[in-house]
Colleague: 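Let me begin by handing over the structure; questions about it come next.
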There are 2 protein chains.
Amino acid sequence: MPYTYPYPRPALTADAVVFTIRGQRLQVLLVHRGGEPFAGSWALPGGFVEEGECASDAVKRELTEEAGVRDVWFEQLKTFDAPGRDPRGWVVSVAHVALIDSERVRLAGADDAVDARWWPMNALPPLAFDHQAIVQYALERLRSKLRWSNIGLQLLPLVFTMDALRRVHEAVLDDAIDKRNFHKRMVESGAIRDTGARLANGKRGPQPRLYAFVPRTCE
Amino acid sequence: MPYTYPYPRPALTADAVVFTIRGQRLQVLLVHRGGEPFAGSWALPGGFVEEGECASDAVKRELTEEAGVRDVWFEQLKTFDAPGRDPRGWVVSVAHVALIDSERVRLAGADDAVDARWWPMNALPPLAFDHQAIVQYALERLRSKLRWSNIGLQLLPLVFTMDALRRVHEAVLDDAIDKRNFHKRMVESGAIRDTGARLANGKRGPQPRLYAFVPRTCE
DNA sequence: ACAAAAGTGTTGAGAGTACACCCATGC
DNA sequence: GCATGGGTGTACTCTCAACACTTTTGT
């Protein structure tokens, strides 16, 4: 390295706000901190960025390690670097938002000595560092993206019923959505495709159609 | 500091894409690099973040030093951290977008040994590092914000004519805008206020009204 | 038969877009 | 008086929101 910096350097972490839908509620993945600081409290999954990788690589690593998932949609959210946000010193966090279908997740859980849990968005425990603010910011981003993109599909399996998709939107936006208008909007947007198959769910009523993503631009 | 990190740390810089309107064209502030790497080529204004400050403080410093302006609107854009983006090693940049009225600017210029210049957006020189990509990303952000916010006002002096505001939008979006529809939209949005005064510009035609910001939420 | 769930169409309001002429002032 | 630039209104289209009944299937 032919040039040098006479500057002090921050530690760099990558954190992820991982959303999913469980029980028709929007939930966030949190890990229980074992070590100081904030030992015993809950925090966003994340970790240090290593030299030679970028923050999004680090997020990919974290998601694989702590949630056992690959090929997850995520994007950079914002960098949080207020002085004093970490009592250990100068620690800058590149926060990300990730969306996953909860069915695909296998939390690291007890076997990995990592205590990771889903928490409903409207009943979060106290969070370490400035993670509360990060989660709020992520929620706003998710909501605004949901309104003008097909991002909601990332929270569902590859095929899904129209009602499931609508419940995802309702859970994220925390508001009721008219069934007919929603159906029309989704079909006309071209984002989803009728697979022709129907779900035999054994419930009363006709068997609901199964839809799939149209594998186009999603971001 | 009771805790330590056994991790290598990146250098942290804060860069700014500073937009202005000059000659009815969208322009970007660039500085001529004196030292290696990329000596002699053009780059975004920016510098290292110091311990105890955050990236946005660093941007404020830069804007004061290199453009002689205070109280400038800016926001965080995105963090760029691809390995190899800086030949000196591991350097992470928190990029920002800033908007200023070019009349307020006093470029550092020759007296400060900093060679800073405005460049029209559609005729940029080759840029150092990944700054080309940062500028493109900033332009997209600016355009999308312009469509649904009053951010364009930041590019004008405190009072301005309706035509000036429209030319700002046209310069940023690179598209012609209908005069009447624009006028209606702006007035109805409540973002601007007729000051009652008119501009005596000595040109033919009636004296144009002068408008001012309504000092509300701008972000 | 009845209860539960899925599917579907119309109407009205508001936003946005296209479009042309008159008036004020300087020369 | 004429050339330049500022200022304004209407009609159409499209999007979005409100709103209820019929059909299918399980019990």
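Letters A, B, ... are given to chains in the order of the sequence lines, protein chains preceding strands, and every chain is numbered from 1. Values below: all heavy atoms of this structure, side chains included; hydrogens, waters and symmetry mates excluded.
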Colleague: Rounded to whole angstroms, how far apart are CD1 on A:Ile177 and C1' on C:dG7?
Modeller: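 Interatomic distance, CD1 of A:Ile177 to C1' of C:dG7: 18 Å.
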Colleague: Please answer whether the main-chain N or O of B:Leu77 pairs with a side-chain N or O of B:Arg141 as donor and acceptor at a distance below 3.5 Å.
Modeller: yes
Colleague: What is the distance, to the nearest angstrom, from the CZ atom on B:Phe182 to the P atom on D:dG9?
Modeller: 18 Å
Colleague: To the nearest angstrom, how far is A:Arg198 atom CZ from D:dT23 atom P?
Modeller: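 It is 15 Å, rounded to the nearest whole Å.
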Colleague: Just the rounded figure in Å: distance from P of D:dC19 to NZ of A:Lys184.
Modeller: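 Rounded to the whole Å, the gap is 14 Å.
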Colleague: Report the distance from atom CG of A:Asn201 to atom P of C:dA6, rounded to the nearest whole Å.
Modeller: 7 Å
Colleague: Using a 4.0 Å heavy-atom cut-off, write out nucleotides 19-27 of chain C from 5' to 3' as B (base contacted by protein), S (sugar-phosphate only) or - (no contact).
Modeller: BB---BBBS
Colleague: Write down the distance between CD (B:Glu188) and C1' (C:dG16), rounded to a whole number of angstrom.
Modeller: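 Roughly 11 Å, once rounded to whole Å.
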Colleague: Starting at OH of B:Tyr211 and ending at P of D:dG6, how long is that distance when rounded to a whole Å?
Modeller: 12 Å
Colleague: What's A:Arg209 touching, base or sugar-phosphate or nothing? Going by heavy atoms closer than 4.0 Å.
Modeller: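 Contact class for A:Arg209: sugar-phosphate only.
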Colleague: Answer yes or no on whether A:Lys78 is positioned over the face of A:Phe80, meaning its NZ or CZ is under 6.0 Å from the six-membered ring centre and within 45° of the axis.
Modeller: yes
Colleague: Between A:His183 and C:dT8, is there a contact of a side-chain N or O with OP1 or OP2 at under 4.0 Å?
Modeller: yes
Colleague: Mind calculating the distance between CZ (B:Arg147) and P (C:dT17) to the nearest angstrom?
Modeller: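 Between P of C:dT17 and CZ of B:Arg147: 10 Å.
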Colleague: Within the supplied structure, the quantity of interest is the number of heavy atoms (other residues, nucleotides, ligands) at a distance under 6.0 Å from B:Ile177 CD1; does it exceed 12?
Modeller: yes
Colleague: Within the 4.5 Å heavy-atom criterion, are B:Ile21 and B:Arg167 side-chain neighbours or not?
Modeller: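 B:Ile21 does not reach B:Arg167 side chain to side chain.
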Colleague: Look at the aromatic rings of A:His169 and A:Phe182 and report parallel, tilted or perpendicular, splitting at 30° and 60°.
Modeller: perpendicular
Colleague: With sequence neighbours excluded, tell me which residues meet side-chain contact (heavy atoms from CB on, under 4.5 Å) with B:Thr161.
Modeller: B:Asp163, B:Ala164, B:Leu199, B:Pro208, B:Leu210
